[in-house]
Amino acid sequence: MGRSVLVTGGNRGIGLAIARAFAEQGDKVAVTHRGSGAPDGLFGVRCDVTNAASVDAAFTEVEDAHGPVEVLIANAGITDDTLLMRMDEEQFTTVIDANLTGAWRVTKRATRNMLKARFGRIVYISSVVGMLGSPGQVNYAASKSGMIGMARSITRELGGRGITANVVAPGFVATDMTEQLTDERRKQILGSVPAGRYGTTDEIAAAVTFLASDAAGYINGAVLPVDGGLGMGH
Ligand code: NDP
């Protein structure tokens with residue numbers, strides 16, 4: 001405990017619950033935000049994950065305050081849903097840039113010091129739709145399954161240096177993001193969740209803190225679904 005943890009998009013939603021869970025167990029937690037400021041009691045750095053210079057500056061700020069990042073949670077993400085036939089190239093690339101390339105940018109910056117320390121924990125917040133697919137989310141689902149290939153390649157490259165890279169795949173969790181879905185789509189999703197309810201942000205956070213713990217040191221390149229059975233283990 002007492003590790004330097006960075007949660008991208010930790011200013012609200014799932015990221016905030018993750019940040020609070022690490023803080024509660026005694027870690028030094030930093031969250032990124034894009035102007036909202038940091039939530040009470042958490043150290044905030046301004047960072048847009050679509051911009052490498054912004055990522056670099058944020059890491060430098062965290063390093064000055066808490067030391068090199070030992071635990072990285074790539075949580076920042078966006079949606080821009082529409083059917084393939086209506087999706088323009090910008091809608092596709094913007095979502096990929098924020099969700100997947102953004103995760104790559106922070107990983108690349110973090111692993112520099114993780115390699116020196118021969119220790120690191122990286123957790124990607126993917127989604128059940130990365131494995132199941134989802135109509136209207138070709139861009140988002142592709143970005144989320146991309147995280148699995150990324151985590152597994154990093155595991156192969158850096159697994160021998162004390163670094164783990166794992167994926168948490170949440171199902172439906174009530175946040176600002178899912179607020180954007182139509183009532184009809186929400187009912188449809190809920191109807192296919194064996195648990196019969198949405199997940200909570202704390203339930204996602206519990207899986208993330210576990211994968212970042214010492215107890216999970218031999219878990220690498222894994223995908224942990226937290227979805228009430230929606231993806232049935234995929
Ligand atoms: P929210 O919309 O509530 O929060 C999104 C977070 O990402 C915000 O903190 C936002 O920052 C940040 N963010 C977005 N774009 C950028 C960027 N370019 N640079 C830095 N930060 C950025 O979403 P959730 O909390 O619901 O989602 C968190 C993660 O969980 C996402 O990756 C999402 O795909 C994933 N997920 C969510 C599910 C759900 O049901 N809610 C299900 C499965 C996965 P800001 O406040 O500045 O906008």
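Indexing begins at 1, ligand by ligand and atom by atom, following the structure's order. Nothing here was measured: the structure is a model prediction, and the numbers come from that model. In what follows, every heavy atom counts, from backbone to side chain, and hydrogens, waters and symmetry copies are set aside.
With Ser126 contributing its side chain and Met147 its backbone, the two residues share no donor-acceptor pair below 3.5 Å. Side-chain atoms of Lys144 do not come within 3.5 Å of backbone N or O of Ala169 as any donor-acceptor pair. No donor-acceptor distance shorter than 3.5 angstrom exists from the side chain of Arg156 to the backbone of Gly221, with no hydrogens or angles considered.
Note: Leu6 CG to Phe43 CZ = 10.0 Å, rounded to the nearest 0.5 Å. Here the CG-CH2 distance, from Asn99 to Trp104, works out to 16.0 Å after rounding to the nearest 0.5 Å. For the atom pair Leu211 CG and Asn166 CG, the distance stands at 5.0 Å (nearest 0.5 Å).
With a 4.0 Å cut-off on non-hydrogen atoms, Asp48 touches ligand 1 through its backbone as well as its side chain. Looking at Ser126 against ligand 1, only its backbone comes within 4.0 Å, counting heavy atoms. The proximity of Cys47 to ligand 1, defined as any non-hydrogen pair under 4.0 Å, is limited to the backbone. Under 4.0 angstrom from ligand 1, the non-hydrogen atoms of Ile78 all belong to its side chain. When non-hydrogen atoms are compared, ligand 1 lies under 4.0 Å from the backbone of Asn75 as well as from its side chain.
By the 4.0 Å N-to-carboxylate-O rule, Arg109 lies close enough to Glu63 to be salt-bridged with it. For Arg197 and Glu203, the salt-bridge test passes: some basic side-chain N is under 4.0 Å from an acidic carboxylate O. Between Arg105 and Asp97 there is a salt bridge, with a side-chain nitrogen of the basic residue lying less than 4.0 Å from a carboxylate oxygen of the acidic one.
Which parts of ligand 1 touch Gly171 is read off a 4.0 Å heavy-atom cut-off, strictly below it: atoms 38 (C), 40 (O), 42 (C), 43 (C). Near Thr50, meaning under 4.0 Å from any of its heavy atoms, are these atoms of ligand 1: 18 (N). Close contacts between ligand 1 and Thr178 involve ligand atoms 39 (C), 40 (O), 41 (N) [criterion: under 4.0 Å to a heavy atom]. With ligand atoms numbered from 1 in the order given, ligand 1 contributes 40 (O) to contacts under 4.0 Å with heavy atoms of Phe172. Which parts of ligand 1 touch Tyr140 is read off a 4.0 Å heavy-atom cut-off, strictly below it: atoms 33 (C), 34 (O), 35 (C), 36 (N), 43 (C), 44 (C).
In this structure, the protein non-hydrogen atom closest to atom 3 (O) of ligand 1 is Arg12 NH1, 3.4 Å. The nearest protein atom to atom 48 (O) of ligand 1, hydrogens excluded, is given as Arg34 NH2, 2.7 Å; this is a heavy-atom distance. Among all protein heavy atoms, the one lying closest to atom 37 (C) of ligand 1 is Ile14 CD1, 3.5 Å. In terms of protein heavy-atom proximity, atom 43 (C) of ligand 1 is nearest to Pro170 O, 3.5 Å. In this structure, atom 9 (O) of ligand 1 lies nearest to the protein heavy atom Asn11 OD1, 2.5 Å. Of the protein's non-hydrogen atoms, the one nearest atom 26 (O) of ligand 1 is Thr175 OG1, 2.4 Å. What sits closest to atom 23 (O) of ligand 1 on the protein, heavy atoms only, is Met177 CB, 3.6 Å. At the shortest separation from atom 40 (O) of ligand 1 among protein heavy atoms lies Val173 N, 2.7 Å.
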Does Thr164 form a side-chain hydrogen bond (donor to acceptor under 3.5 Å, both in side chains) with Tyr218? I'd like the steps, not just the answer. CA-CA 8 Å; Thr164 68; Tyr218 201 55; over 6 Å; no
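Contact detail for Arg121 and Asp214: the closest heavy-atom pair is NH2-CA, 4.0 Å.
With distances taken over non-hydrogen atoms, the option nearest atom 5 (C) of ligand 1 out of Gly102, Gly77, Gly9 is Gly77. Which of Gly199, Gly130, Ala76 comes nearest to atom 21 (N) of ligand 1 through a heavy atom is settled by distance: it is Ala76.
The side-chain heavy atoms of Leu181 and Ile189, taken from C-beta on, include a pair separated by under 4.5 Å. With contacts defined as side-chain heavy-atom distances shorter than 4.5 Å, the pair Cys47/Thr8 does not qualify.
Where the criterion is an N or O separation shorter than 3.5 Å, residue side chain and backbone included, Val49 meets it with respect to ligand 1.
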